[in-house]
Chemist: 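This is the structure I have questions about; it appears just below.
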Amino acid sequence: MEIDTTRPHPARIYDYLLGGKDNYEVDRRAGEALAAAAPEARIGVRANRAFLQRAVRHVVGSGVRQILDIGTGLPTSPNVHETAQETAPDVRVAYVDNDPIVHAHANALLSSSGTSSTVLADLRDPQAVVDHPDVRKVIDFDEPVALLLVAVLHFLTDAEQPRRIVADLRDALPAGSFLVLSHATGDFADRSAAQAVYSKATATLNLRSRAEVEPFFDGFELVEPGLAQVPFWRPDAPPPARSGEIGFYGGVARKTG
Ligand SMILES: C[S@@+](CC[C@H](N)C(=O)[O-])C[C@H]1O[C@@H](n2cnc3c(N)ncnc32)[C@H](O)[C@@H]1O
C-alpha cells in the first residue's frame, strides 16, 4: 500500500488531536495549525468521541445489534465494537472508511471473531457500501441497523450531495434503525481559519449550520434532546471547559416508517 505522507489526512489529523500515534509530521503540523485556529479543537474531538460512545450505548440499549460505521477513523480505544459489546456481546460492526491507512490499521486491530468486518469503500457511493460483500457478511439489512456517520459528512462538499447520500443509506435501512450523526459547524465561533488548514489536506472541511445539518435527519425522528452540541447530548459527566465553543453538532434519530 502506498502511504501518502506529503499531504495531511483527516483521519491522521484527528488521531493526532486525540493523542494517537498513527500520524506523520505533515499531519502533526496540520493538527497544530488547527489547534491554533480553533483553541478548543482538542477538547472538541474528545467530546465528539465521547458523544459517539454515549450514542452507541443508547442504540444498543434500544435493542439494535448491528452497526454500520462509515468514516471509522483510525482505531481509538475504546472502539465502537468494544463499547457496543460491553452492553451486548453479540453486536456486529461493519467498519467502513475510504482511507487505505485506516483500512490497514483497522484490519489489524478491529476484525475479531466474525463479529466485525473492515471495508475499504467510499461514502460517496452509498450503494457500493450497502452492497459490499464484507458489509453484508455482518449486516443483515432486514434487521434494524445503527448507521454511524460521525464526524464524516463535513468532508463532503455540497456538490457531492451529502443529503442524497444519507437519504440513499436511510432507504436501505428497515424501520427501527437508527442514525447517529455528528457534524462540524461554525455556528459557535468563526472557524474559517480551521477550514483553511484542510485546504491542503486530502479532503476539505465543509462547516454547516444547524439549518443545514438538520435535514440529514429527514425520514428519522430525533431522540431527546434533538440536535445538540456534542457535550450536551445526554452528558454523563460535567461538560468540559469551553464546551459552548465546541463546533460539533450531534444527534441520534430513529427511523419510524
Ligand atoms: C474525523 S474522522 C472520524 C472518526 C470517527 N467516526 C469518530 O468520530 O471518532 C473522519 C473519517 O472519515 C473518513 N472519510 C472521509 N471521507 C470519507 C468518505 N468519502 N468515505 C469514507 N470515509 C471517509 C476519513 O478517512 C476519516 O477516517
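In each ligand, atom 1 is the first atom listed, and ligand 1 is the first ligand listed.
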Chemist: Can you tell me which portion of Val96 lies within the under-4.0 Å heavy-atom range of ligand 1? Options are side chain, backbone, both, or neither.
Modeler: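 No part of Val96 is near ligand 1 at this cut-off.
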Chemist: Going through the distances and angles, do Asp187 and Tyr249 end up as a side chain to side chain donor-acceptor pair (under 3.5 Å)?
Modeler: CA-CA 9 Å; Asp187 279 1; Tyr249 279 120; 2.5 Å; yes
Chemist: Using distance alone, determine whether Arg49 and ligand 1 share an N or O pair under 3.5 Å.
Modeler: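 Yes, at least one N or O pair falls under 3.5 Å.
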Chemist: Any idea which protein heavy atom is nearest atom 19 (N) of ligand 1, and the distance to it?
Modeler: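 Answer for atom 19 (N) of ligand 1: Asp122 OD1, 2.9 Å.
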Chemist: If you measure every N or O of Ala11 against every N or O of ligand 1, does any of those distances drop under 3.5 Å?
Modeler: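 Looking only at distances, the answer is no, because the N/O contact criterion of under 3.5 Å is not met.
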Chemist: Near Val102, which atoms of ligand 1 are under 4.0 Å from a heavy atom of that residue?
Modeler: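 This gives 27 (O) as the contact atoms.
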Chemist: Under 4.0 Å between a side-chain nitrogen and a carboxylate oxygen: does that hold for Arg136 and Asp131?
Modeler: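 Looking at Asp131 together with Arg136, the answer is yes, because their closest N to O distance falls below 4.0 Å.
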Chemist: Write out the residue and atom name of the closest protein heavy atom to atom 23 (C) of ligand 1, then the distance separating them to 0.1 Å.
Modeler: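 Scanning the protein heavy atoms, the shortest distance from atom 23 (C) of ligand 1 goes to Asn98 OD1, 3.1 Å.
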Chemist: Any idea which atoms of ligand 1 are less than 4.0 Å away from a heavy-atom of Thr72?
Modeler: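 Matching atoms, with element in brackets: 4 (C), 5 (C), 6 (N).
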Chemist: Please determine if Glu221 and Arg254 form a salt bridge, counting it only when a charged side-chain N lies under 4.0 Å from a carboxylate O.
Modeler: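 Answer for the salt bridge query: no.
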Chemist: Salt bridge check: are Arg208 and Asp158 linked by an N-O gap of less than 4.0 Å?
Modeler: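 So Arg208 pairs with Asp158 through a salt bridge.
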Chemist: Tell me yes or no: between the side chains of Tyr198 and Asn206, is some donor less than 3.5 Å from an acceptor?
Modeler: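 Result is no, nothing qualifies.
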Chemist: With backbone taken as N, CA, C and O and side chain as the heavy atoms from C-beta onward, which portion of Leu123 lies under 4.0 Å from ligand 1: side chain, backbone, both, or neither?
Modeler: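 Within the 4.0 Å criterion, Leu123 contacts ligand 1 through backbone and side-chain atoms alike.
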Chemist: Which residue holds the protein heavy atom closest to atom 9 (O) of ligand 1, what is that atom called, and what is the gap in Å?
Modeler: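 It is Tyr14 OH, 2.6 Å.
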Chemist: What protein heavy atom is closest to atom 6 (N) of ligand 1, reported as residue, atom name and distance in Å?
Modeler: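 Its nearest protein heavy-atom neighbour is Gly71 O, 2.6 Å.
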Chemist: Pair His9, Asp99 - check side chain to side chain donor-acceptor pair (under 3.5 Å), show working.
Modeler: CA-CA 8 Å; His9 283 222; Asp99 186 334; 3.0 Å; yes
Chemist: Output the list of atoms in ligand 1 that are nearer than 4.0 Å to some heavy atom of Asp99, sorted by atom number.
Modeler: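 Here the atoms of ligand 1 in question are 25 (O).
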Chemist: Counting each atom of ligand 1 from 1 as listed, which ones have a heavy atom of Gly73 under 4.0 Å away?
Modeler: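 Answer, ordered by atom number: 4 (C), 27 (O).
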Chemist: Looking at Phe178 versus Phe220, is the centre-to-centre ring distance below 6.0 Å?
Modeler: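 When the ring centroids of Phe178 and Phe220 are compared, they turn out to be at least 6.0 Å apart.
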Chemist: For Ala121, which part has a heavy atom under 4.0 Å from ligand 1: side chain, backbone, both, or neither?
Modeler: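 The part of Ala121 near ligand 1 is the backbone, not the side chain.
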Chemist: Are Phe248 and Phe188 an aromatic pair by the rule of ring centers under 6.0 Å?
Modeler: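 Ring-ring flag for Phe248/Phe188: false, centres at least 6.0 Å apart.
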Chemist: If you define the side chain from C-beta out and look only at heavy atoms, does anything of Val180 sit under 4.5 Å from Val59?
Modeler: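 SC-SC contact between Val180 and Val59 confirmed.
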Chemist: Quick test: of every protein heavy atom, which one is nearest to atom 27 (O) of ligand 1, and how far off is it to 0.1 Å?
Modeler: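 For atom 27 (O) of ligand 1, the nearest protein heavy atom is Asp97 OD2, 2.6 Å.
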Chemist: Please report which non-hydrogen protein atom sits nearest to atom 8 (O) of ligand 1, along with the residue it belongs to and the distance in Å to one decimal place.
Modeler: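 That would be Asn48 ND2, 3.0 Å.
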Chemist: Is it true that Arg163 and Asp218 have a side-chain N and a carboxylate O under 4.0 angstrom from each other?
Modeler: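 Result for this pair is yes, salt bridge flagged.
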Chemist: For atom 10 (C) of ligand 1, find the nearest protein heavy atom and state the residue, atom name and distance (0.1 Å precision).
Modeler: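 For atom 10 (C) of ligand 1, the nearest protein heavy atom comes out as Ala151 O, 3.3 Å.
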